[in-house]
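These notes concern the structure reproduced below.
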2 protein chains.
Amino acid sequence: MKKYIDILKRNHLFSGVSEENIEAIFSCLSATFKEYKKGEYIFRQGEHIENICILLSGSVHIQSDDYWGNRSIVSEVTSGEMFGESYAVHGSSAVLNDAVATSDSTVAFLNVNRLMTVCSNSCVFHSTVIKNLLFSLTHKNRNLMQKLTHISKRTTREKLISYLSNQAKLTGSNSFSIPFNRQQLADFLSVDRSAMSNELSKMKTEGLLNFDKNNFTLL
Amino acid sequence: MKKYIDILKRNHLFSGVSEENIEAIFSCLSATFKEYKKGEYIFRQGEHIENICILLSGSVHIQSDDYWGNRSIVSEVTSGEMFGESYAVHGSSAVLNDAVATSDSTVAFLNVNRLMTVCSNSCVFHSTVIKNLLFSLTHKNRNLMQKLTHISKRTTREKLISYLSNQAKLTGSNSFSIPFNRQQLADFLSVDRSAMSNELSKMKTEGLLNFDKNNFTLL
DNA sequence: CTCGTTTTGTTGTAAAAACAACAGAAATGT
DNA sequence: ACATTTCTGTTGTTTTTACAACAAAACGAG
């Protein structure tokens with residue numbers, strides 16, 4: 001717990017909550033911790049979960065594989081971020097995606113039912129955390145909308161441009177690195193990897209952009 | 001106001017709140033009402049909004065048109081539903097989509113800042129409404145994920161199957177009607193209308209499904 | 001360092017989608 | 001009831017994508 005406090009302090013869920021109170025909340029929500037090796041699943045499609053997941057170290061992909069084996073990566077979760085909360089809050093509805101560790105990871109689990117019910121210990125931070133959770137959800141919502149605008153583009157090139165210019169905007173620079181390798185980027189944009197590689201090469205020769213591995217520069 | 005109370009009672013935002021208290025909340029959040037003709041915009045891409053919108057009558061599409069005129073319909077809002085809340089809660093971030101009335105509509109606007117701050121009138125329903133808002137957001141999140149699974153399918157046929165089987169599941173029947181005409185369905189699934197029409201016809205001749213206008217039956 | 005594995009780019013081919021144009025059907029307004 | 005507009009299905013052509021196969025490069029484990 002102690003070693004992750006700095007990461008948790010940066011989590012939006014605990015914005016406006018002091019270190020001691022974060023610990024109090026963790027205790028109040030009966031937090032547990034678990035380590036995952038690269039490739040292990042934190043939860044799977046169809047399961048029912050009732051814990052909010054917070055990634056303390058490593059990285060996680062929210063994704064789903066369909067009947068034919070096509071993978072779709074919904075989002076990448078980085079250290080300090082939360083995931084699974086949309087399902088945990090309504091434990092009744094089955095999870096639509098898998099959460100898989102893409103590198104060795106540590107995850108904290110917080111009981112969401114305890115969060116939503118009044119705390120008998122008169123833990124005054126419940127309402128703050130609930131509001132923070134609400135903010136996080138609106139943020140995720142906007143991210144999903146943004147992703148929709150990318151993959152609703154008709155051609156691979158347009159999808160790439162939509163995604164890459166958004167990344168440039170987010171980082172505030174024409175040069176940036178992306179958190180995906182080629183296959184993952186293709187799965188994120190819902191296109192074929194080789195066709196996408198081909199399109200990237202064309203765009204490079206046309207002078208639209210430059211890239212080396214995961215580092216891109218828009219020109 | 002009075003004439004819409006039945007609609008509002010069904011809104012998840014006011015779940016567990018009595019009629020009188022709904023009125024109190026409307027007063028507390030300085031609700032305003034506005035009528036829109038078919039085709040009019042409630043808000044537009046790039047704007048900043050600070051009111052939660054509740055559709056009291058009519059229907060609204062959340063959509064965006066890109067530089068080339070391609071339209072993407074994110075979701076359909078039906079009577080009693082809420083929209084715009086993901087942007088209103090953080091007034092700072094610009095709206096990513098247009099909200100347009102697809103039929104003559106009435107919309108109620110609720111000031112979200114008042115909701116998030118402690119009510120000086122010691123209006124005890126704030127916390128209930130905030131929790132309801134949180135539930136609604138998780139619901140929308142799951143809907144967006146669901147939509148992602150549809151449009152991340154590679155072929156038009158797979159997109160159609162993914163969407164239509166989900167509709168069948170939601171209505172609990174193999175026969176159901178959809179809230180879109182052909183062009184709107186194409187814009188929702190991010191495909192070309194004529195190609196989609198063509199694919200639907202093929203599926204009909206193959207005996208996969210039947211349709212007449214907006215009424216579909218999966219076989 | 002070396003061998004085996006993974007990642008990436010490249011090419012060719014087959015399948016699918018976008019696009020465009022149009023005709024008939026349905027809906028709408030007067 | 002009629003004229004006009006919108007909606008839907010159909011067809012043919014062009015563009016784009018998926019798919020498959022492969023070689024070079026990069027990476028990792030021993």
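Residue numbers begin at 1 in each chain, while the letters A, B, ... track the order of the sequences.
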Exercise. Does OP1 or OP2 of D/dT10 have a side-chain N or O of B/S201 closer than 4.0 Å?
Worked result: yes
Exercise. Which residue, A/K202 or B/F180, contacts DNA chain D at a nucleotide closer to its 5' end, judged by nearest heavy atom?
Worked result: B/F180
Problem set entry | Options D/dT17, C/dA18, D/dT8, nucleotide nearest the side-chain atoms of B/R193 | D/dT8
Exercise. Out of curiosity, B/I49 CD1 to B/R44 CZ, how far, rounded to the nearest 0.5 Å?
Worked result: 14.0 Å
Exercise. So, do B/F180 and B/H61 have ring centers that fall under 6.0 Å from each other?
Worked result: yes
Seminar exercise, completed: 5'-most contact on DNA chain D (nearest-nucleotide basis), A/K213 vs A/T155, goes to A/T155
For this session: Indicate, with a heavy-atom threshold strictly under 4.0 Å, whether A/S197 touches base, sugar-phosphate, or nothing.
Result: base
Exercise. Roughly how many Å is it from CG in B/D212 to C1' in D/dG9, rounded to a whole number?
Worked result: 13 Å
Exercise. Whole Å only: how far is the CG atom of A/N181 from the C1' atom of C/dT6?
Worked result: 10 Å
For this session: Give, for atom CD of A/Q63 and atom CG of A/D187, the distance between the pair rounded to the nearest 0.5 Å.
Result: 7.5 Å
Problem set entry | Phosphate contact (D/dT16 OP1 or OP2) by A/R157 side-chain N/O below 4.0 Å | no
For this session: State yes or no: are the ring centers of A/F14 and A/F26 separated by less than 6.0 Å?
Result: yes
